[in-house]
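Owing to the predicted nature of the structure, the values given are computational and were not obtained by experimental measurement.
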2 protein chains.
Amino acid sequence: MSPRHSAAEARRTRERIVERGMALASCDGLEGLTIGRLAADLKMSKAGVLGHFGTKEALQLATLSGAAAAFSRLVWEPAADAEPGLPRLRAVCDAWIAYMDTARDVFPGGCFFTTASVEFDARSGPVRESLARMHRAWRRRLAAEVRTAVAAGDLPADSDPEQVVFELVGLFMALNQEIQLFAAPDAVDRARRTLDRLLGPRRESPVP
Amino acid sequence: MSPRHSAAEARRTRERIVERGMALASCDGLEGLTIGRLAADLKMSKAGVLGHFGTKEALQLATLSGAAAAFSRLVWEPAADAEPGLPRLRAVCDAWIAYMDTARDVFPGGCFFTTASVEFDARSGPVRESLARMHRAWRRRLAAEVRTAVAAGDLPADSDPEQVVFELVGLFMALNQEIQLFAAPDAVDRARRTLDRLLGPRRESPVP
DNA sequence: CCTACCGATCGGTAGG
DNA sequence: CCTACCGATCGGTAGG
């Protein structure tokens, strides 16, 4: 415990650790996220860092939760007010593409969840299971919008929602590679073109 | 050097190290590939392992080369005799999907190159550059087949080869996630359906 | 190819 | 929140 600091100060310190952990893990993965490096970056002792979590695995899970909260704020919340179905689906996908392109301050190493899930997809344990749960939840939400769009006649009646979501996931991972591995200037354009092909061309304003 | 063994024996040992390294790195990444673990698995000393490469980075590069050779053998060679253009493109993509699905003995942790390139895409140095070069070479070869297919009238005349390749890359990465993170039984079916949508439906036999 | 090391860093603990 | 540790493991070297 911290006799010299208030509970609010301790919470704030914990937030700072998680925030820095998210940035580090986006570059070096959740295993490359070491307590010593985190402590040095934050000018704290290793014990001071670890005390907030107990174990490295708990630190990884806390970093994962923090990243999921940031992802919700950057991708889902901006689209929350859009009309359910195709409009919201487009809004979410646009925000997702923007998150890949511009969320460098939060995730300097690119998409945190691509890095972490590829890193853990051949391991076992709570970190992997937490990642799988998050991906499943996001896929479910995307699929629900596809279904609404189909019901509204905004996507072909024979669309397979899971299939559309599978292709969207591929689009986001390919975009991440385009940005991170190749630093391709036209990465976002390419992603948008794929999106238009999957969901139909964008309309500037609603057409009756 | 190895006074007790012939050069051929040394070469064989090096191959064994690289082979085991490919399997380990497909699970734990090229950083998670440690000399100590490799030595223990092969019942060698750490110095015995490292002596074949000199540094860990050289070991990582050798493992990368070995994996590229395996990938060529599994994905490019089976399609080498197919007719250039769409038939060969389909053959390569089919082999690529089969590689994801069945190359478990060589790469038990799934696609080695997805793991390694996501792991290194936010770092700098020779490993990252080597990975980027490999991905670029494969993309070039895929794009060349797309161009041939367009010229032959087997793909729409307005196809953008780089765009098609971008979408194929996404398909392979999404398939890897489907298999590794979700162990989805219908992963290969989904990938094939996307492939049919991208390249047109498969024909059982050539139609005049 | 081995044994026997090296300093650095890992995750984690004791005690204040 | 700190200092001061712990054993284990890291990449790598010397010398045979």
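- In this structure, A:D28 pairs ionically with B:R123, as a charged nitrogen and a carboxylate oxygen lie closer than 4.0 Å.
- When base pairs are accepted only as Watson-Crick or G-U wobble with both N-N or N-O distances under 3.5 Å, DNA chain C takes part in stems of 3 or more pairs at C:1-16 with D:1-16.
- Salt-bridge formation is detected for the pair B:R11/B:E15: a Lys NZ or Arg NE/NH1/NH2 atom is positioned less than 4.0 Å from an Asp or Glu carboxylate oxygen.
- No side-chain N or O of B:E77 forms a donor-acceptor pair with one of B:S72 less than 3.5 Å apart.
- A:M173 pairs with exactly one of A:N176, A:L175, A:L171, A:V169 by the side-chain contact (heavy atoms from CB on, under 4.5 Å) rule, that one being A:V169.
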Under 4.0 Å protein heavy-atom contact, by nucleotide of nucleotides 8-13 of chain C - B base, S sugar-phosphate only: --BBBB
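- Note on B:D41 versus B:R16: no salt bridge recorded, every NZ/NE/NH1/NH2 to OD/OE distance being 4.0 Å or above.
- By the neighbour-count criterion of 12 heavy atoms within 6.0 Å, atom CG of A:D105 is densely surrounded, having more than that number from other residues, nucleotides or ligands.
- Computed from coordinates, the A:L38 CG to D:dC1 P distance equals 12 Å when rounded to whole Å.
- By the side-chain contact (heavy atoms from CB on, under 4.5 Å) test, B:A143 pairs with B:R147, B:P161, B:E162, B:V165, sequence neighbours left out.
- Note on ring orientation: taking the six-membered ring where Trp is involved, the planes of A:W138 and A:F113 are perpendicular (angle over 60°, cut-offs 30° and 60°).
- Here the C1' atom of nucleotide D:dC2 and the CG atom of A:L42 are 15 Å apart, to the nearest Å.
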